[in-house]
Amino acid sequence: MSPALSVVIPTFNESQNIASCIQSVENLATEILVMDNFSQDGTPEIARSLHAQVHQRAFDNFSANKNAA
């Protein structure tokens, strides 16, 4: 049995890249978590359509966002 692997992807207006990013890890990850900073370009919807968990929070700094995830 493979160990569990969670992948955290921080995003802000990444609609052009999020699908390929998620697809590049979907065969490796047990869960994919997108920590979105209230994108306005459809990034969260694309991520959800690819079965990623999406959480949104205001950006304060990268460390705080990763820790929140």
Side-chain angles (χ1 to χ4, degrees):
M1 177 179 221
S2 298
L5 175 65
S6 298
V7 173
V8 177
I9 305 169
T11 61
F12 178 69
N13 291 336
E14 289 292 337
S15 64
Q16 296 292 319
N17 302 308
I18 192 63
S20 62
C21 182
I22 290 171
Q23 291 166 346
S24 74
V25 298
E26 67 186 353
N27 291 327
L28 303 171
T30 306
E31 71 175 344
I32 300 171
L33 173 65
V34 172
M35 181 56 78
D36 184 71
N37 300 127
F38 296 103
S39 294
Q40 300 174 352
D41 67 347
T43 298
E45 293 79 11
I46 295 167
R48 285 186 192 102
S49 76
L50 295 168
H51 309 291
Q53 296 178 47
V54 177
H55 297 275
Q56 292 184 302
R57 77 185 298 271
F59 182 81
D60 44 7
N61 63 63
F62 288 106
S63 296
N65 268 18
K66 289 178 186 176
N67 288 336

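As the structure is a computational prediction, the values presented were derived from the model and not from experiment. Residues take their numbers from the sequence shown, with the count starting at 1.
Residues P10 and V8 come closest through the heavy atom pair CD-O, 3.7 Å. Of all heavy-atom pairs between E26 and I32, the closest is CA-CD1, 3.9 Å. Between N13 and Q40, the closest heavy-atom pair is OD1-N, 2.7 Å. Residues A19 and I46 come closest through the heavy atom pair CB-CG2, 4.2 Å. Between N37 and F12 the shortest heavy-atom distance is O-CD1, 3.2 Å. Here the closest non-hydrogen pair linking P44 and Q56 is CG-NE2, 3.5 Å.
The same ILVMFWY cluster, assembled from side-chain heavy atoms under 4.5 Å apart, contains both V25 and V34. The hydrophobic clustering, which links ILVMFWY residues whose side-chain heavy atoms are closer than 4.5 Å, places M35 and I22 apart. If you chain together hydrophobic residues whose side chains sit under 4.5 Å apart, F38 and V54 never meet in one group.
No donor-acceptor pair closer than 3.5 Å links the side chain of T30 to the backbone N or O of S6.
Qualifying side-chain hydrogen bond (donor to acceptor under 3.5 Å, both in side chains) partners for S49, counting only residues two or more places apart in sequence or in other chains: none.
A donor-acceptor pair shorter than 3.5 Å cannot be found between the side chains of T43 and E14.
Here salt bridge (Lys or Arg N to Asp or Glu O under 4.0 Å) pairs that include residues 58-69, with residues two or more places apart or in two chains, are R57-D60.
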Please evaluate residues I9 and I18 with respect to the criterion side chain to side chain contact (heavy atoms under 4.5 Å, CB included), reporting the C-alpha separation (whole Å), side-chain torsions for both, the decisive distance (0.1 Å), and the verdict.
CA-CA 9 Å; I9 305 169; I18 192 63; 4.0 Å; yes

